[in-house]
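These figures come from a predicted structure and were not determined experimentally. Order of the sequence lines sets the chain letters (A, B, ...), proteins ahead of strands, with each chain counted from 1.
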Protein chains: 2
Amino acid sequence: MSDLARTPPQIGNLIRRARKKRGLSQSQLGELAGLRQETISLIETGNPAAKLKTILAVLAALDLEFRIVPRSKGAAAELEDIF
Amino acid sequence: MSDLARTPPQIGNLIRRARKKRGLSQSQLGELAGLRQETISLIETGNPAAKLKTILAVLAALDLEFRIVPRSKGAAAELEDIF
DNA sequence: CAGAAATATGCGCTAATTCCGATATTTCAT
DNA sequence: ATGAAATATCGGAATTAGCGCATATTTCTG
């Protein structure tokens, strides 16, 4: 239920759930993102060495995007004007 | 300003601004994140092939994190229960 | 239960990160 | 302007993604 994405496995899980919600197979998503089914599989299982552009391609194909946010209120306060 | 992070350069810019707001040099941030100054430099200038775990290490060192969100209201509606 | 569809795994390959150790080059105070 | 700090760049070594192609394995459907 959370859009929290603090670790590669969490990111992978979210991608997997979004993909399924859209009724896509890994192959179909791969085609949309310009990637192979195997690559989607690796990402969904939490490959920490995946490349940034690869993750971004998958997110874009699912109509998703990253947002960078403070982890805590303290961080939000310290970084005000930015976040 | 926006915390939008749709592309590697945008992500790099945000990281750079957050780092400066915290008064850290690239070397200092690198030390916190377990990375080299050179690597921080590459990330901040928008290297699209940076590894996911590398980006996550930098964000964590800055007390930041990723959030995955829908790009549009339409997407949010289609993916409800997830986002 | 059978057959198909979907997902995970395998090998060889190329490209590119990141590391290490130095060093240009740019930026910034005084 | 000058020196110091900060950032960008270079060669080499190691590691690994993602590709193509093929296949094992799990999951779903009838």
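The separation between Ile43(A) atom CD1 and dA17(D) atom P is 11 Å, rounded to whole Å. As a whole-Å value, the separation of Leu29(B) CG from dA8(D) P is 13 Å. If you measure from atom CD of Glu44(A) to atom P of dT9(C), you get 13 Å, rounded to the nearest angstrom. Taking atom NZ on Lys53(B) and atom P on dT18(C), their separation rounds to 9 Å, with Å as the unit. Straight-line distance from the CG atom of Leu52(A) to the P atom of dA16(C): 16 Å, rounded to whole Å. Look at CZ on Arg19(B): it is 8 Å from P on dA8(D), rounded to the nearest Å. For the pair Leu35(B) CG and dC19(C) C1', the interatomic distance rounds to 10 Å; values are reported in whole Å. With rounding to whole Å, Glu31(A) atom CD is found 15 Å from dA6(C) atom C1'.
Taking only side-chain nitrogens and oxygens, Thr45(B) never comes nearer than 4.0 Å to OP1 or OP2 of dA8(D). Listed pair Ser27(A) / dT7(C) fails the phosphate criterion, with no side-chain N or O lying under 4.0 Å from OP1 or OP2. The side chain of Arg16(A) contributes an N or O atom lying less than 4.0 Å from OP1 or OP2 of dA8(C). Ser41(A) has a side-chain polar atom (N or O) that falls below the 4.0 Å cut-off from OP1 or OP2 of dA8(C). Residue Asn47(B) places at least one side-chain N or O closer than 4.0 Å to OP1 or OP2 of dT18(C).
Comparing atom distances between the Ala50(A) side chain and each of dT18(C), dG18(D), dT7(D) picks out dG18(D) as nearest. Here the side chain of Thr39(A) is nearest to one of dG18(D), dA16(C), dT16(D), namely dG18(D).
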Problem - Working for side-chain contact (heavy atoms from CB on, under 4.5 Å), residues Leu62(A) and Val58(A) - result: CA-CA 6 Å; Leu62(A) 289 169; Val58(A) 172; 4.2 Å; yes
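Within 4.0 Å (heavy atoms only), Gly34(B) reaches sugar-phosphate atoms of the nucleic acid but no base atom. Leu42(A) comes within 4.0 angstrom of nothing in the nucleic acid, heavy atoms only.
Side chain of Gln28(B) to backbone of Ser25(B): a donor-acceptor contact under 3.5 angstrom is found.
Here the side chains of Lys51(A) and Leu52(B) are not in contact, with every heavy-atom distance at 4.5 Å or above. With contacts defined as side-chain heavy-atom distances shorter than 4.5 Å, the pair Val69(B)/Phe66(A) does not qualify. Looking at heavy atoms from C-beta onward, Ser72(B) lies in side-chain contact with Asp63(A) at the 4.5 angstrom threshold.
Residue Glu31(A) places its CD atom among 12 or fewer non-hydrogen atoms of other residues, nucleotides or ligands, all under 6.0 Å distant.
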Fill in the blank from the handout: A correct 5'-to-3' footprint of nucleotides 20-30 of chain C, with B, S and - meaning base, sugar-phosphate only and no protein heavy atom under 4.0 Å, is BB---------
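Ion pairing of Glu80(B) with Lys21(A) is absent here, as no side-chain N (NZ or NE/NH1/NH2) approaches a carboxylate O to less than 4.0 Å.
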